[in-house]
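Worksheet: one structure, shown below.
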Amino acid sequence: ANPRLIRIGITGSYGKTSTKFLLRDILSVKYNVLATPSSFNTTMGVTRVIREQLTPAHQVFIAEMGARHVGDIKELCELVHPKYGLLTSVGPQHLETFGSIENIAGTKYELIEALPRDGIAFFSSDGSYVDRLFAKCEREKYRVGFNPDRQPYMLATDIEVGPQGSRFTLKCADGESLRCRTRLLGRHNIQNIALCAAVARKLGLTMEEIARGVRIIEPIEHRLQLIPGAMTVIDDAFNSNPAGSQEALNVLSGFPGRRIIVTPGMVEQGAKEDELNYAFGTQMVNCVDVAILVGPKHTKPILQGLVDSGFARDDIHVVSGLDEASALLRVIGKPGDTVLFENDLPDNYT
């Protein structure tokens, strides 16, 4: 009903919820923004937000768009009618319902296909499926990333990542650049910020306004959220996927002292789930000192990956649930330790 409303859709195998909140915070420097809360990304969830929260005072509406089946994104676009579309990633998420990563890529691209002729598409360069979708897009399009050889519209460079957050330079293809800092952890968050910065630039924000928005970004709950204390906690419990789990391990490896991981591994990875969890176990070896695996049956591939890579068996603990893991932490945890909570299984996996 409001033709002046700027409507933005965000989708991706992972990173879409974080990107939504990053974009909300950056655009709020200039606009009155409403974004779908939490992980509201279904037709019913987005409908409720529109009916209950959207007002004529809002200038921007950001809708996260999730999918478990082919056609889900198309249906959401028929509801939202986005003019701007952001694609954060394509990866093996929900393979048990999609069947193949090609089906996943095609479903995510439904957002780009739904944009009007004067719509604008933004792609988070990955050197793989997202870049292939960028190449086939016939609308106005921009991509972002770390690799200058791919000629990104927004380049993130000179990156410094540490336990207290990140510093980096955003260089726009229009010639403007600025040094930014954020309390968020991990290189993937910088990639997501660059994606949001590209959108913000096209919506009229100056680089100074973008940097101001980046500074005020709040850490996102359960997504590499840093919780200081006698033992430092990194809460990455919302969801886990191959790219996200590797990034979480990279972040953990940058912390001093003893490093502990508490995880049930990855789920919803289809036929490759055991293979991916085995690889997850092998990746822990150089980043983790103590591994607490939640769920004896589901974590067998992780355990095997750890053992096969030479991880000390005495430093591996297998527990039945999160309560038992927490009790164990109270016994073995010491001041100065850093604990990464990576993923939290839904009840139907217990």
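In this structure, Leu22 is not a member of the same hydrophobic cluster as Leu155, with clusters built from ILVMFWY side-chain heavy atoms closer than 4.5 Å. Note on Val144: it clusters hydrophobically with Phe168, by side-chain heavy-atom contacts below 4.5 Å among ILVMFWY residues. Cluster membership for Ile261 and Tyr278, using ILVMFWY side-chain heavy atoms within less than 4.5 angstrom, is not shared. Criterion: ILVMFWY side-chain heavy atoms under 4.5 Å apart, direct or through other members. Under it, Phe98 and Val130 are part of a common hydrophobic cluster.
The side chain to side chain contact (heavy atoms under 4.5 Å, CB included) check on Arg117 picks up nothing, with sequence neighbours excluded. Legend: residues meeting side chain to side chain contact (heavy atoms under 4.5 Å, CB included) with Phe255, ordered by chain and number and at least two apart, are Pro163, Leu185, Leu226, Thr232, Ile234, Val251, Thr338. Residues meeting the side chain to side chain donor-acceptor pair (under 3.5 Å) test with Tyr142, sequence neighbours left out: Glu140, Lys202. Among residues two or more places apart in sequence or in another chain, the salt bridge (Lys or Arg N to Asp or Glu O under 4.0 Å) test is passed with Asp314 by none. For Arg143, the salt bridge (Lys or Arg N to Asp or Glu O under 4.0 Å) partners two or more places apart in sequence, or in a different chain, are Asp131. Judged as a side chain to side chain donor-acceptor pair (under 3.5 Å), and not counting sequence neighbours, Thr88 has no contacts. Residues passing the salt bridge (Lys or Arg N to Asp or Glu O under 4.0 Å) test with Arg212: none are found, sequence neighbours excluded. Gln151 pairs by the side chain to side chain contact (heavy atoms under 4.5 Å, CB included) definition with nothing, not counting sequence neighbours. By the side chain to side chain donor-acceptor pair (under 3.5 Å) test, Gln304 pairs with Asp308, sequence neighbours left out.
Side-chain contact between Val46 and Val80 is present, with heavy atoms from C-beta onward closer than 4.5 Å. Inter-residue side-chain proximity for Leu340 and Val262 is flagged as unmet; no heavy-atom pair is nearer than 4.5 Å. Side-chain contact between Met65 and Pro82: present, with at least one pair of heavy atoms (C-beta onward) separated by less than 4.5 Å. Contact annotation: the side chain of Ile316 approaches that of Leu303 to within less than 4.5 Å [non-hydrogen atoms, C-beta and beyond]. Within the 4.5 Å cutoff, no side-chain heavy atoms of Phe123 are placed close to those of Leu195. At a threshold of 4.5 Å between non-hydrogen side-chain atoms, the residues Val33 and Ser28 count as touching. Between Ile217 and Arg183 the shortest side-chain heavy-atom distance does not fall below 4.5 Å. Side-chain contact between Leu203 and Leu27: present, with at least one pair of heavy atoms (C-beta onward) separated by less than 4.5 Å.
In this structure a side-chain-to-backbone donor-acceptor pair under 3.5 Å is missing from Ser177 to Leu170. In this structure a side-chain-to-backbone donor-acceptor pair under 3.5 Å is missing from Asp315 to Ala312. When atom types are taken as modelled, the side chain of Ser166 and the backbone of Leu184 share a donor-acceptor pair closer than 3.5 angstrom. Under a 3.5 Å cut-off, the side chain of Ser89 and the backbone N or O of Tyr14 do form a donor-acceptor pair. No donor-acceptor pair under 3.5 Å is formed between the side chain of Lys20 and the backbone N or O of Thr11. A donor-acceptor pair under 3.5 Å links the side-chain atoms of His298 to the main chain of Pro264, judged by distance alone. Distance alone, capped at 3.5 Å, places no donor-acceptor pair between the Tyr129 side chain and the Ile104 backbone. Looking only at distances, no side-chain donor or acceptor of Thr299 sits under 3.5 Å from a matching main-chain atom of Ile302. Arg139 places a side-chain N or O within donor-acceptor distance of the main-chain N or O of Leu115, the cut-off being under 3.5 Å.
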Legend entry - CA sep, side-chain torsions, deciding dist, call: Ile62, Leu34, side-chain contact (heavy atoms from CB on, under 4.5 Å): CA-CA 6 Å; Ile62 304 173; Leu34 175 66; over 6 Å; no
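Contacts classified as salt bridge (Lys or Arg N to Asp or Glu O under 4.0 Å) and involving residues 75-94 (residues at least two apart or in different chains) are given here: Lys83-Asp118. Among residues at least two apart or in separate chains, side chain to side chain donor-acceptor pair (under 3.5 Å) pairs with a member in residues 48-59 are Arg48-Glu52, Thr55-His58.
Taken from CD1 in Ile8 to CD1 in Ile10, the straight-line distance is 7.0 Å, to the nearest 0.5 Å. Taking OG from Ser245 and CG from Asn343, the interatomic distance works out to 9.0 Å, rounded to the nearest 0.5 Å. Expressed to the nearest 0.5 Å, how far OG1 of Thr19 lies from NZ of Lys16 amounts to 9.5 Å.
In summary, the side chains of Asn250 and Gln246 do present a donor paired with an acceptor at a separation below 3.5 Å, with no hydrogens or angles considered. For the 3.5 Å distance criterion, the side chains of Thr36 and Glu64 fail to qualify, holding no donor opposite an acceptor.
Here Asp289 does not pair with Arg258 in a salt bridge; the nearest charged N to carboxylate O distance is not below 4.0 Å. Ion pairing of Glu176 with Lys171 is absent here, as no side-chain N (NZ or NE/NH1/NH2) approaches a carboxylate O to less than 4.0 Å. Using a cutoff of 4.0 Å between basic side-chain nitrogens and carboxylate oxygens, Glu209 and Arg201 are not scored as salt-bridged.
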Table please: side-chain donor-acceptor pairs of residues 322-333 below 3.5 Å, with sequence neighbours left out.
residue: Glu324; atom: OE1; partner: Ser320; partner atom: N; Å: 3.1
residue: Glu324; atom: OE1; partner: Ser320; partner atom: OG; Å: 2.6
residue: Ser326; atom: OG; partner: Leu322; partner atom: O; Å: 3.1

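By the 6.0 Å and 45° rule, Arg187 stacks over the aromatic ring of Phe146. Geometrically, Arg24 does not engage Phe21 in a cation-pi contact defined by less than 6.0 Å to the ring centre and at most 45° from the axis. A cation-pi geometry, defined here as NZ or CZ lying under 6.0 Å from the six-membered ring centre and within 45° of its normal, holds between Lys141 and Phe134.
The environment of Glu160 atom CD is dense: over 12 non-hydrogen atoms of other residues, nucleotides or ligands sit within 6.0 angstrom.
A side chain to side chain contact (heavy atoms under 4.5 Å, CB included) with Gln225 is found for exactly one of Asp235, Asp236, Val233, namely Asp235.
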